[in-house]
Amino acid sequence: MVLVLFGTELSPGVRAVLLTLRALELEHEFRHVDLLAGEHLEPHFVRKNPQRTVPVLQDNDACIWDSHAIMGYLVGKYAFTDALYPRDPLKRALVDQRLHFDSGILFVLFKQLQHLIFQEEVTELPNVLIEQLHKAYDLLEQFLDGRNYLAGQLLTIADFSIVATLSTLHLSYAPVDAAKYPKLSDWLTRISHLPYYEEANQRGARRMAEMVRAKLPKQFDKLWLKAFEEIKSGAGRQPLK
């Protein structure tokens with residue numbers, strides 16, 4: 001049976017799994033779940049995942065949810081090497097720490113911002129959340145000190161997990177300032193050169209940014225005005241397209 005991934009490309013977690021599937025060159029079927037229409041609340045979906053979240057991966061009769069769990073599962077079961085998720089205890093601990101950083105910090109901030117815009121329908125983003133995002137960016141910049149990737153010199157599922165969330169934040173809420181975060185900016189560019197990146201991640205991140213801009217056009221334009229001015233002046237690198 002072909003692997004089946006349930007979700008929406010608007011979800012960073014879904015896109016992290018898509019990046020992993022593409023990196024492993026695994027044949028899979030993608031089944032869109034319309035969260036706005038409540039398809040994740042329907043009985044047939046709840047039987048697969050009682051938490052009613054995406055992504056969900058179905059592998060024969062087994063259903064796995066949570067993107068971090070799914071990525072580790074895919075590497076453990078289907079990869080020819082452990083490069084994306086090392087078996088060495090210390091190397092794996094570092095990858096796991098980065099995965100927890102995504103689930104416990106970056107994605108939490110993303111969810112808070114999404115809730116404010118799409119549930120509470122605020123017209124201005126609170127500065128405190130944007131400041132917390134920049135603190136998270138500070139930490140990511142430190143994580144990359146002396147490293148090409150977030151958990152070492154090689155690409156891992158930690159990179160897929162964090163880039164899916166960070167690229168969304170970068171395009172929608174808080175652009176990564178290349179002058180302030182040169183290592184993080186370079187890392188984003190490095191990941192964007194993966195041959196499957198556009199289809200697996202960037203397309204969905206752009207769609208989410210368009211939805212945010214429709215909700216907060218003034219604030220969105222203000223966020224990007226500074227970034228574009230820096231590009232014109234040569235003070236910053238070109239942001240991801």
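Contact record, L155 with L84: O-CD2, 3.5 Å, taken as the closest heavy-atom pair. Smallest separation of non-hydrogen atoms from A136 and I105: CB-CG2, 4.2 Å. Considering every non-hydrogen atom in both R147 and Q153, the closest pair reads CA-NE2, 3.5 Å. Of all non-hydrogen atoms in V95 and I157, the two that sit nearest each other are CG1-CG1, 3.9 Å. Heavy atoms only, all atoms of each residue included: V14 and P55 are closest at CG2-CB, 3.7 Å. Between L3 and L26, the shortest heavy-atom distance links the atoms CD1-CD1, 4.1 Å.
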For this session: Go through the steps to decide whether D66 and Y73 satisfy the test side-chain hydrogen bond (donor to acceptor under 3.5 Å, both in side chains), and finish with yes or no.
Result: CA-CA 11 Å; D66 184 278; Y73 171 81; over 6 Å; no
For this session: Evaluate the criterion side-chain hydrogen bond (donor to acceptor under 3.5 Å, both in side chains) for residue pair Y78 and E25; output intermediate values, then yes/no.
Result: CA-CA 10 Å; Y78 293 106; E25 299 182 346; over 6 Å; no
Exercise. Run the ring-ring contact (aromatic ring centres under 6.0 Å, His included) check on F143 and F101 step by step: do they pass?
Worked result: CA-CA 11 Å; F143 293 170; F101 183 86; 5.1 Å; yes
For this session: Please lay out, stage by stage, how Q142 and D145 fare under the test side-chain contact (heavy atoms from CB on, under 4.5 Å).
Result: CA-CA 5 Å; Q142 293 178 53; D145 190 27; 5.6 Å; no
For this session: Report the C-alpha distance between H68 and S161 in whole Å, list the side-chain angles of each, state the deciding distance to 0.1 Å, and finish with yes or no for side-chain hydrogen bond (donor to acceptor under 3.5 Å, both in side chains).
Result: CA-CA 7 Å; H68 310 88; S161 183; 3.2 Å; yes
Exercise. Can S167 and N201 be said to form a side-chain hydrogen bond (donor to acceptor under 3.5 Å, both in side chains), step by step?
Worked result: CA-CA 8 Å; S167 60; N201 184 66; 3.0 Å; yes
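Using a 4.0 Å cut-off between a side-chain N of Lys or Arg and a carboxylate O of Asp or Glu, R15 and E9 do not qualify as a salt bridge. Between R203 and E198, no side-chain nitrogen of the basic residue sits less than 4.0 Å from a carboxylate oxygen of the acidic one, so the salt-bridge criterion is not met. Of the charged side-chain nitrogens involved, none lies within less than 4.0 Å of a carboxylate oxygen, so that R190 and D159 do not count as a salt-bridged pair. The pair E141-K180 fails the salt-bridge criterion, with no side-chain N (NZ, NE, NH1 or NH2) lying under 4.0 Å from an Asp/Glu carboxylate O. No salt bridge links E39 with R31; every basic N to acidic carboxylate O contact stays at or beyond 4.0 Å.
V108 and L139 fall into different hydrophobic clusters, where Ile, Leu, Val, Met, Phe, Trp and Tyr residues are linked whenever their side-chain heavy atoms come under 4.5 Å apart, directly or through other members. Using a 4.5 Å cut-off between side-chain heavy atoms of Ile, Leu, Val, Met, Phe, Trp and Tyr, with links allowed through other members, L5 and Y196 fall into the same hydrophobic cluster.
Side-chain contact between N49 and V54 is absent, with no heavy-atom pair separated by less than 4.5 Å. Between F160 and L194, some side-chain heavy-atom pair lies under the 4.5 Å cut-off. Taking the side chain as every heavy atom from C-beta outward, Y173 and Q114 approach each other to under 4.5 Å. Residues Y181 and D186 are not in side-chain contact: their nearest non-hydrogen atoms beyond the backbone lie 4.5 Å or more apart.
In this structure a side-chain-to-backbone donor-acceptor pair under 3.5 Å is present from S103 to H100. Within the 3.5 Å criterion, the main-chain N or O of T53 finds no donor-acceptor partner in the side chain of H40. Put simply, the side chain of D82 never gets that close to the backbone of Y85: no donor and acceptor are under 3.5 Å apart. Not a single donor-acceptor pair under 3.5 Å links the side chain of R52 to the backbone N or O of L41.
Environment of NZ in K77: crowded, with over 12 heavy atoms of neighbouring residues, nucleotides or ligands closer than 6.0 Å. Remark: K215 NZ is packed, more than 12 non-hydrogen atoms of other residues, nucleotides or ligands lying under 6.0 Å away.
With sequence neighbours excluded, the residues that form a ring pair (Phe, Tyr, Trp, His ring centres under 6.0 Å) with H134 are Y137.
Atom NZ of K183 is separated from atom CG of L150 by 12.5 Å, given to the nearest 0.5 angstrom.
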